[in-house]
Protein chains: 2
Amino acid sequence: MVFRVTAFDVAQRAGVTQPTVSRALNGSPKVSDETRAKVLQAAQDLGYVINQNATRLRRGETMTLAVVLIGRAGESATETNPFYFSLLGSVAAAAAAKGYNLLVSFQGSPENFFGQYDDARQADGMIVIGTTQNPEAWAYFRGLDRPEKAWVCWGAPDDDLRWVRSENEGGGRIAARYLLEAGRKHPVFIGARASQQRQFGERYAGFAEELQKSDITPPAIDVDESLSREEQGVEAVRALLQSGQPFDAIFAACDLTALGVLRALSEAGISVPERVSVIGFDGIRAGNYSSPPLTTIEPDFEQAGDLLVQNVLNRIAGEPLTQRRVPVQLVKRGS
Amino acid sequence: MVFRVTAFDVAQRAGVTQPTVSRALNGSPKVSDETRAKVLQAAQDLGYVINQNATRLRRGETMTLAVVLIGRAGESATETNPFYFSLLGSVAAAAAAKGYNLLVSFQGSPENFFGQYDDARQADGMIVIGTTQNPEAWAYFRGLDRPEKAWVCWGAPDDDLRWVRSENEGGGRIAARYLLEAGRKHPVFIGARASQQRQFGERYAGFAEELQKSDITPPAIDVDESLSREEQGVEAVRALLQSGQPFDAIFAACDLTALGVLRALSEAGISVPERVSVIGFDGIRAGNYSSPPLTTIEPDFEQAGDLLVQNVLNRIAGEPLTQRRVPVQLVKRGS
DNA sequence: TAGCCAAGTTTTAACGATGTCGGGTTTAAG
DNA sequence: CTTAAACCCGACATCGTTAAAACTTGGCTA
């Protein structure tokens, strides 16, 4: 067994009692500068590191947030969407800035999440990030609006959940203006608009609203939500081609779908962006490597992380959610 | 404050003492079936969930592993390489299977990692995943081979660190055979072979060894390690073209580099795979979306996670590392 | 000089679990 | 019928910290 230095050891060396060490190190005002200096010196000499478990037991808080990543049924979130990695990185940065640790889970049934993290006091709050393509996972969080439960989610299939989301309508409008400026006359939306994915509906709404100003009513190809996002793009393009309706631009509900769209168009011999413009939503890295590189609407990842963390901290403090919309911007690439 | 049920409450309801509750729930043989049933019933009635912090303080172990993700200096690991997301997902699955929680960090100086996680008893062991392009971060782990420190890393710039790696030489040989079978006569290796990235050197070694059997000595384009992996591919192709040496196949040290290679070749008007075959290493998702889709050597991610976790558990138990090589396989796509 | 206040400490008591020890019951052996 | 060995379970100590209460000082007021 390895020898560990406790606050008691520090106290002995500094010639004070152990609680004084605690107060000195925690910056309590009720300790003289002289004593504090002695304690700090002793702590440094001995290489003292606080035992977080003792603090947590005593204080009843963990300074830890749990992040639960939900992929499609039977699939890890890593396979479902690389977007989540960016989001996770941003959440990690925001949590670290606030002094919080991050516990992540890619596994387990949602029913157990609270037992494992919240009830067992492993985390003070919980951030849920996942695909709406896993409705069973979300079912649990629906109606879990009890005040003592501190959680916030990204996206969310329902408006009444505690979500943080992109400025989807604004993003849709940006996409519309971009396509109009590129001289497109027949834009089409592809995405699971009618599904549980509220964000997609919002994206379409902004898109349609903006185009309406130019007297264009963009058709929307609703897709089969049981397919992967990418396959959705492929299938939608096939359906679109078969329908025979004219189109010269596609706004895909998300980047993975847009990549599927690019593939399907390429296979059909339709050149992008010459004959058809394609724009996605999310700003995933793979969009850089497609041919042509994917133009997209990208949320401000840093703010996304900040808002998720800030809002869950609000919940922990018993306060309501504050800002919940993440601004987006157009990233022009080649499509 | 929210009411929480403790083992003491359960004990009262079951009509036993609190330590008996502990024994009953932990499956101690020293408790009668009858008593155990009473305790279990009481626990269920009250919705008892154990307080992990108390257990951890008492037991001195946390059942938690820390994962530290290291990106390029000033960059989050999420930006550096999407490969890490797959690895993280696999580690999470393996840890969950062993009953371990996962604490992740994308931040902080390596000097603080042990203080934060190991010394403060927030984690029993540590898994370091990161790019060799951040030498300062690795410097700390060098020489940190003290037996009481339980850590394992992916990749690693030095052979004497506690690493887990892909079957790099085997992968190099597979790449070589693949290119030979495709009828290629002038294969080239692109990658920071001479850098601190040991894995790249191994990939080249296997590649060269296998080609040697056909009396081919593949040239290697060593690249500037200060560039991103992708830029390395771009620059290497430019250098290659400028040198005027003939080539009809490229084995890139990693997928991001391969994607850079594809881009540079495309810009130079060289068709893939007609004039030049390209093969990468890592199996990142973005390789699916390039044009053409990237052929690559992919490690078995599940095993990668298992081995990282297993080896760090070995370290925790004071045992040596066991299997450390992750098998790889060829993923044929279009390049 | 008694009385009081404030500052700085020590004392004491948790937080919620686990492990050791020992005694009381029951069962089996003598 | 006694006695020893299992077998259970309760009492108590403990992990390392923080918070509240009690207690010293010294300085200042009345």
Side-chain angles (χ1 to χ4, degrees), chain A residues 1-40 42-43 46-64 115-116 118-124, chain B residues 1-40 42-43 46-64 115-116 118-124:
Chain A
M1 179 54 91
V2 186
F3 174 72
R4 306 265 184 165
V5 180
T6 72
F8 182 79
D9 302 324
V10 176
Q12 281 201 311
R13 178 173 245 260
V16 295
T17 60
Q18 185 264 322
T20 299
V21 170
S22 172
R23 277 177 297 122
L25 297 177
N26 286 323
S28 159
K30 306 179 131 192
V31 54
S32 68
D33 291 346
E34 188 190 3
T35 310
R36 190 188 309 278
K38 270 195 303 187
V39 169
L40 287 173
L46 297 175
Y48 170 72
V49 177
I50 197 170
N51 183 327
Q52 291 285 2
N53 299 314
T55 305
R56 291 172 173 190
L57 172 59
R58 180 61 234 233
R59 283 226 244 250
E61 61 181 23
T62 61
M63 291 307 280
T64 296
Q116 189 177 352
D118 184 274
D119 299 340
R121 301 220 174 202
Q122 292 203 65
D124 298 336
Chain B
M1 181 52 94
V2 186
F3 173 72
R4 306 266 184 163
V5 180
T6 72
F8 183 78
D9 303 323
V10 176
Q12 282 201 312
R13 178 174 246 260
V16 295
T17 59
Q18 186 262 324
T20 300
V21 172
S22 172
R23 275 180 300 224
L25 297 178
N26 285 323
S28 159
K30 307 179 134 194
V31 56
S32 67
D33 291 345
E34 189 191 3
T35 310
R36 191 188 309 279
K38 271 195 302 186
V39 170
L40 287 173
L46 297 175
Y48 170 73
V49 177
I50 197 171
N51 183 325
Q52 292 285 3
N53 298 315
T55 304
R56 291 172 173 188
L57 171 58
R58 183 61 234 241
R59 283 226 246 250
E61 62 181 23
T62 62
M63 292 305 281
T64 296
Q116 189 177 352
D118 184 272
D119 299 340
R121 300 221 173 198
Q122 291 203 67
D124 298 336

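Letters A, B, ... mirror the listed sequences (proteins, then strands); counts begin at 1. None of the values given here were measured: they were computed from a predicted structure.
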Working to the nearest 0.5 Å, report the span between OG1 of B:Thr6 and CG of B:Asn51.
9.5 Å
Reckon B:Thr55 has a side-chain N or O less than 4.0 Å from the OP1 or OP2 of C:dG16?
no
Answer whether the closest heavy-atom distance between the side chains of B:Arg56 and A:Gln122 falls below 4.5 Å.
yes
Out of D:dG10, C:dG8, C:dT10, minimum distance to the side chain of B:Thr17 belongs to D:dG10
Send over the distance from B:Arg56 CZ to D:dT17 C1', rounded to a whole Å.
16 Å
Quick one: label A:Thr20 by what it contacts on the DNA or RNA (base, sugar-phosphate, nothing), any heavy atom closer than 4.0 Å.
base
Rounded to whole Å, please give me the gap between CG in B:Leu57 and C1' in D:dT18.
12 Å
Of B:Pro19 and A:Pro19, whose nearest nucleotide on DNA chain D comes first from the 5' end?
B:Pro19
Heavy atoms only, 4.0 Å cut-off, all strands: where does B:Val21 land among base, sugar-phosphate and nothing?
nothing
Can you tell me the distance, in whole Å, between the CZ atom of B:Arg58 and the P atom of C:dA14?
19 Å
Under 4.0 angstrom, heavy atoms only, what part of the nucleic acid is A:Ser32 near: base, sugar-phosphate, or nothing?
sugar-phosphate
Just how far is it from atom CG of B:Leu40 to atom OG1 of B:Thr35, taken to the nearest 0.5 Å?
10.5 Å
With distance as the sole test, does B:Arg36 use its side chain to make a donor-acceptor pair with the main-chain N or O of B:Ser28 at under 3.5 Å?
yes
Side-chain contact check for B:Arg59: nearest option of D:dT17, C:dG19, C:dT20 is C:dG19
Can you check the A:Asn51 CG to D:dT14 P distance for me, whole Å?
18 Å
If you only use heavy atoms from C-beta on, which nucleotide in C:dC21, D:dT18, C:dT18 is closest to the side chain of B:Arg23?
C:dC21
Which whole-number value in Å describes the distance from A:Gln122 CD to C:dG16 P?
16 Å
What is the distance from NZ of A:Lys38 to P of C:dT10, rounded to the nearest Å?
8 Å
Residue mapping more 5' on DNA chain C - nearest nucleotide basis, B:Ala54 or B:Lys30
B:Ala54
Side-chain donor/acceptor of A:Asn53 to backbone N/O of B:Thr62, under 3.5 Å
no
Nucleotide C:dT11, atom P - distance to CD of A:Gln18 in whole Å
12 Å
In this structure, how many angstroms lie between the P atom of C:dT18 and the CG atom of A:Asn53, rounded?
13 Å
